[in-house]
Amino acid sequence: MDIALDKAQRAEHRGDHVQAEHWYKEAAGLGHVEAMRSLAWLAQGAGDEDTARHWNHQAALHGDVDAMRGLIDEDDRGNLFQNWVWVYLAEHLGSDLRKSTLRAYHDGGMYANQEYDDDQGGPLYVAGDEGVRLAPLSAADEAKAKKQAAELFSNIGSEGASDWMSTARGRSV
């Protein structure tokens, strides 16, 4: 996996997107999540949103919490049930997508990019996100979403997660 990923990154750096795509697919086929995300970015750069969505789903199904968050914010934003499945799957992986990660940081000076301390003062900036805010599900749908998330969690790292997406909309790059 690492060799394929290294070859893909070198090809991408050279601007050879055909070779980069080939090697990213090799690594993605072996379950490398970073390769899946890279395929999604290549597809987005080429304007192929269906393929980008496919690879983001693959990354999410293999445990990439950032991909899950991206799907909630973009591709699955109209699908409340699926959004809750992503939230519950992320919880199985130790991340609470509903929790805010907003923090203030020093903007320059001796404490640049460190969490803001008002004893030091000075300019600041805010980074992070507010956390996912979703409407609640019915009790029955919540139980189904939790069950589906648990099943997906048990499949992470196995062929089961890939098989679940075999009928997904979109084509591979």
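Since we're looking at a predicted model, the values are computed, not measured.
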Tell me, do I156 and L93 make a side-chain contact under 4.5 Å, heavy atoms counted? yes

side-chain contact (heavy atoms from CB on, under 4.5 Å) assessment of E12 paired with E21: CA-CA 8 Å; E12 189 174 7; E21 180 181 321; over 6 Å; no

Measure the spacing between CG of N155 and NE2 of H62 and express it to the nearest 0.5 Å. 9.5 Å

Would you give the length of the straight line joining atom CH2 of W86 to atom OG of S95, rounded to the nearest 0.5 angstrom? 14.0 Å

Is any side-chain heavy atom of L97 less than 4.5 Å from a side-chain heavy atom of V65? yes

Side chains of K7 and H22 in contact at under 4.5 Å (non-hydrogen atoms): no

Tell me every residue that passes side-chain hydrogen bond (donor to acceptor under 3.5 Å, both in side chains) with D16, counting only those two or more places apart in sequence or in another chain. none

Separation between NZ (K146) and CG (L137), nearest 0.5 Å, reads 10.0 Å

Would Y111 end up clustered with L124 when hydrophobic side chains under 4.5 Å apart are linked, directly or stepwise? no

Could you see if W55 belongs to whatever hydrophobic cluster contains W23? Use Ile, Leu, Val, Met, Phe, Trp, Tyr and a side-chain cutoff under 4.5 Å. no

Measure up the H92 and F153 rings against each other and bin them: parallel (under 30°), tilted (30 to 60°), perpendicular (over 60°). parallel

To the nearest 0.5 Å, tell me how far E151 CD sits from L89 CG. 11.5 Å

When rounded to the nearest 0.5 angstrom, what distance separates CG in D129 from CG in D73? 7.5 Å

For the backbone of D48 and the side chain of T51, can you confirm whether one donor and one acceptor N or O come within less than 3.5 Å of each other? no

Pair Y88, N83 - check side chain to side chain donor-acceptor pair (under 3.5 Å), show working. CA-CA 9 Å; Y88 294 136; N83 288 338; over 6 Å; no

If the threshold is 4.0 Å, N to carboxylate O, is there a salt bridge linking R53 and E49? no

Can you tell me how far apart CE (M68) and CG (N56) are? Round to the nearest 0.5 Å. 11.5 Å

For A60 and A67, work out which heavy atoms get closest and say how close. N-CB, 3.8 Å

Nearest non-hydrogen partners of Q120 and H106, listed with the distance: CB-CE1, 3.6 Å

For the pair R133 (side chain) and R98 (backbone), establish whether a donor and an acceptor sit closer than 3.5 Å, ignoring hydrogens and angles. yes

Identify every side-chain donor-acceptor pair in residues 30-44 under 3.5 Å, counting partners at least two apart or on other chains, and give the distances.
unit_1	atom_1	unit_2	atom_2	d
H32	ND1	E34	N	3.4
E34	OE2	Q9	NE2	2.9
R37	NH1	D64	OD1	3.1
R37	NH1	D64	OD2	3.3
S38	OG	E34	O	3.0

Tell me if the centroids of the rings in Y116 and Y105 come within less than 6.0 Å of each other. no

Is there side-chain contact between W84 and N79, with heavy atoms separated by less than 4.5 Å? no

Could you tell me which non-hydrogen atom of E130 sits nearest to which non-hydrogen atom of L102, and how far apart they are? CG-CD1, 3.6 Å

